[in-house]
Amino acid sequence: MSISEGTLGELRSKGVEVRRIDKEYYEIFIGPQHPGSGHMRFRVKLDGDIIVDADPDIGYVHRTMEKLSEGREWLKITPLVERMTIIDACNITLPYINALEKLMDKRPSTRASYLRVLLCEMNRIASHLYGFGIFGVFIGHSTAYMWGFGDREVFVELSEILTGTRLTYTYHIPGGVRRDMPQDFPQMVRRAVRYMRSRMPEYEKIFLNNPVIVTRLKDVGVITKNRAAELGVVGPTLRGSGIRYDVRLAEPYEVYGEIDFEVPVFEDGDALARTWVRVEEIKQSLNIMEQAIDWLERHRDEPVIPKEDYDKLPKLHKEVYEKSGRVKLLPAQISMKVPPGKAVARGEAGRGEIFYYVESDGGTMPYRLRVVTPSARNAIVFKRILPGHRLMDLPTVYGSIDYFAPEADR
Amino acid sequence: MSLPELGEEIRVRLGVLAREVKVAKGFVEVVTGRETLREVAKTLKEMGFDHVKSVTAVDYPKEGKIRVTYHASSFLNEELSRFMVGLSVDLPRDKPVVETLYPIWNSVEFMEREVYEFFGVIFEGHPDLRPLLLAPDLAEKKVMRKDFVVREESIYEGVPHEYK
Amino acid sequence: MGVGVGGACAKGEGKVYAGNLNVAAKRARDIILGKLKLGEVVDWATTFSLWPVHLVTSCCGAEFAATWSPRFDAEQYGALPWISPRQTNFIIIEGTVTRKMACALRITYEQMAHPKFVIAMGACALDGGLFYNSYNVVKPWEIVPVDVYIAGCPPPPEALARAILDLRKKIREKKMASNWLREGWRGDVEYPMPKEDPCKWWQP
Ligand code: SF4
């Protein structure tokens, strides 16, 4: 509350000496050069040790994907948008392909759907472990970094066997995927699942139930249920606040409708709850992986692209597919035209819900492509939740949201 | 409930406020005017659409308009969380000014800033309308409009001295 | 000119850069006891203390982080990412540098301790990569002088580890560190002066 000039003048006229003293805040800049995977800057105003105002200055990795995609062919956009979260590339590109399929009125073959789900879940685990490791770096728990990144390699390696690259797969094409799984893949997946299951209790022991960590995370960065809905946060941040929302549940895409899984929800809304959500989600993803691989093993001889597409392939392409399980793209597919219209699609990526809006004018390139990524939607938390915390809580909140800057900036 | 049913319900609820309600691929599209935008948003919020997923702007230079769409959905209402509503408003290209929906949906704050810097759409009453991602000198160029053309060839004309 | 440390390792010339600690210690002692010129000691020592600064410019950072993880363990080459630019002498540009980031990159680079070394990682840092026609991307080699480029999108952790080894070799061969000590600058690179001020957008 401030005193008006009028009152001050009145006091002055009575011979009282009046001086206005503005409260001095200490302003500090954090980033973009700081430990952890953050390429963003904060302007934080401090009153003593308490944050009174935090202004996230993002856009350090803004690579103009929305604009560039207006000048690329439909299929060439997949590798482009994939780069915003290369650690979660499958989840991030799937809704784009879904939107494209909606425009083209195409349904993926069931086998392709299961392969997509399998890769997406492997990605989700890898992405959670990555976030876990970075969180460890933030709060000075380097064991979490070493373990998280070490175990992540298991799933990165698995996806390398499935798709051929470590991170950037470009695995989906409208109506299917580009590669079938190798013969001995199911055994590998089962081994990885078994290994990760046995590791989970250790993570809980060393990290989540560790009293030092609990003191640091408990009751920090609390987002209540209504506040979370109002701010529109997504992913583990939302589910850590007690809202049971997961796109895989709300609008089951691919074959998530036929798969058995649970959506972990925690009520506390603090940093610890968000971390717990991620750990529980890893367990659920392991279950999904098992179910998907069981199905894939049972239905070995279905093609990974729709039957009618397969029949249209030239002889050479069929041979390649029979021999190596690889779907060679046709030149006509690169310059394909998509019927005019607009479509939206959403999907659940590791960090939360990703939203695509695709508009076509009937040409070989989109008229407009809009993506809203989970990190971009969670960035608002910094502005609204940080004030009132101590400065030392900033890394905790930052890490628990699992903010990935290239994803937010696109 | 299915998407067409939701479309019907929204049509009844909005009445004359909406110029057009139709079912698109994956969402219900509601088109309204600049003056009624706030009221429609308020009605949708009362129906249970409690957050905005995206503020999307599309530039149509031929028709001389920019269409801003708010894709809203629900978190708290499980029934509604399965659907999305796109609330669109058409703005003239040379003077795109519209009232902000910030007081109704807090979640639009950063997204409106984004539309402002990329398209130059001015949201009246927004508490903090600054460029979000771009440096201020680039934001003036309104880069996402169709008349800002990116070069087709590489930005790298020269080869770095010494590629040893 | 042999790339090993003079006569003491004539046999394994050009081969041994890391490895047996006892041998390394013995050689170090030989050198320090005066068999050789001090400049070579500086070059030799610098190769084992390349500390990159934590400036993650883009998505190649995911592989940057994996390089220091248990499976690849780049710490064995004497490189450990460190927080403050004041205590580091080495910077890895992880991919795209946007206009905003260019300012941060230049400031960080200037704050580092001499002699400074730069590795540019990924197709984006070479030639723009996928974002070759983006309006918000700048050429990193116009902002800072680059010693080693790595191709790939993203380059695997092995490639980054390899680049660090290459840089070490280069430092010994070109006597980068000792030249800096002797002359006050590194004669082997041109310090670029950015055409436009990378920080001109900055408004405090
Ligand atoms: S080279 Fe590839 S992985 Fe690296 S920053 Fe560029 S787009 Fe990302």
Side-chain angles (χ1 to χ4, degrees), chain A residues 27 29 31-41 43 57-65 67-68 71-72 76-77 79-89 126-127 129-130 133-134 137 142 145-154 156-157 160 165-168 404-407 409, chain C residues 53-73 75 81-85 88 91 94-105 107-109 111-112 122-124 128-137 152-158 201-204:
Chain A
E27 198 174 28
F29 293 82
Q33 187 272 310
H34 63 75
S37 89
H39 340 297
M40 61 133 40
R41 195 175 62 137
R43 241 169 120 157
D57 173 11
I58 63 178
Y60 281 85
V61 204
H62 173 56
R63 287 174 293 181
T64 70
M65 285 179 191
K67 183 79 185 178
L68 292 189
R72 310 251 165 129
K76 289 187 192 165
I77 290 170
L80 189 70
V81 292
E82 187 171 77
R83 258 68 184 176
M84 62 194 165
T85 322
I86 52 171
I87 52 176
D88 198 8
S127 147
L129 287 174
Y130 184 96
I134 295 294
V137 174
S142 34
Y145 163 71
M146 290 294 172
W147 282 21
F149 272 73
D151 288 342
R152 173 175 170 262
E153 286 298 325
V154 175
V156 171
E157 190 81 344
E160 185 172 355
T165 56
R166 277 169 58 88
L167 298 174
T168 46
F404 192 64
E407 181 181 274
D409 300 347
Chain C
V53 61
H54 254 301
L55 175 74
V56 187
T57 56
S58 212
C59 50
C60 275
E63 292 293 47
F64 169 81
T67 315
W68 271 266
S69 76
R71 185 166 165 215
F72 299 100
D73 188 21
E75 234 177 283
W82 198 247
I83 302 154
S84 160
T88 55
I91 190 165
E94 291 106 350
T96 339
V97 177
T98 59
R99 288 174 83 239
K100 258 175 150 179
M101 192 57 109
C103 175
L105 175 62
I107 291 174
T108 313
Y109 179 77
Q111 284 180 345
M112 287 185 333
C124 289
L130 271 173
F131 310 98
Y132 61 93
N133 59 350
S134 165
Y135 53 79
N136 203 23
V137 169
C153 181
E158 295 94 325
W201 54 272
W202 169 271
Q203 301 164 325

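Letters go in sequence order (proteins before strands), and every chain restarts at 1.
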Atom pair [atom1]/[atom2] of [X] and [Y] - distance to nearest 0.5 Å:
X	Y	atom1	atom2	answer
Lys100(C)	Asp409(A)	NZ	CG	8.0 Å
Arg63(A)	Met101(C)	CZ	CE	10.5 Å
Glu82(A)	Cys59(C)	CD	SG	10.0 Å
Tyr135(C)	Leu68(A)	OH	CG	7.5 Å

### Query
Which answer fits Met65(A), side chain, backbone, both or neither, if we ask what part of it has an atom under 4.5 Å from a heavy atom of chain C?
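Just its side chain gets close to chain C.
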### Contacting moiety of Glu160(A), where chain C heavy atoms sit under 4.5 Å
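For Glu160(A), there is no contact with chain C at all, as no heavy atom is under 4.5 Å.
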### Message
For a 4.5 angstrom cut-off between non-hydrogen side-chain atoms, does Phe149(A) reach Trp68(C)?
### Response
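With C-beta onward as the side chain, the pair stays apart.
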### Message
Are the side chains of Pro157(C) and Arg166(A) in contact, using a 4.5 Å heavy-atom criterion?
### Response
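SC-SC contact between Arg166(A) and Pro157(C) confirmed.
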### Message
For the backbone of Tyr60(A) and the side chain of Thr98(C), can you confirm whether one donor and one acceptor N or O come within less than 3.5 Å of each other?
### Response
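Yes; at least one donor-acceptor contact below 3.5 Å.
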### Query
Are the side chain of Asn136(C) and the backbone N or O of His62(A) linked by a donor-acceptor pair below 3.5 Å?
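Between the backbone of His62(A) and the side chain of Asn136(C) there is a qualifying donor-acceptor contact (under 3.5 Å).
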### Task
Measure Ser58(C) against the heavy atoms of chain A and call it side chain, backbone, both or neither at under 4.5 Å.
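When you check distances to chain A, atoms from both the backbone and side chain of Ser58(C) fall under 4.5 Å.
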### Query
What part of Phe64(C) is in contact with chain A, defined as an atom under 4.5 angstrom from a non-hydrogen atom: side chain, backbone, both or neither?
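Neither part.
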### Task
Can you see which heavy atom on Leu130(C) is nearest to which on Pro79(A), and at what distance?
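Smallest interatomic distance, heavy atoms only, reads CD1-O, 3.6 Å.
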#### Entry: Heavy-atom pair of closest approach, residues Gly150(A) and Pro70(C)
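Looking at all heavy atoms of both residues, the closest pair is N-CD, 4.0 Å.
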### Message
For chain A, which candidate among Cys60(C), Ala66(C), Ala104(C), Gly61(C) shows the most heavy-atom pairs at distances under 4.5 Å?
### Response
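If we count pairs closer than 4.5 Å to chain A, Ala66(C) comes out on top.
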### Query
Pro81(C), Pro156(C), Pro85(C): which one forms the most heavy-atom pairs within less than 4.5 Å of chain A?
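The answer is Pro85(C).
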### Query
Do Thr96(C) and Arg83(A) meet the criterion of a side-chain donor-acceptor pair at a distance under 3.5 Å?
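Judged by distance alone, the side chains do not pair up.
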### Query
When heavy-atom pairs shorter than 4.5 Å are enumerated against chain C, which of Thr168(A), Ile86(A), Ile87(A) gives the highest number?
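Top count of heavy-atom pairs under 4.5 Å with chain C: Ile86(A).
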### chain C interface, residue from Leu167(A), Thr165(A), Val156(A) that has the most non-hydrogen pairs under 4.5 Å
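Among the listed options, the one with the most contacts to chain C is Leu167(A).
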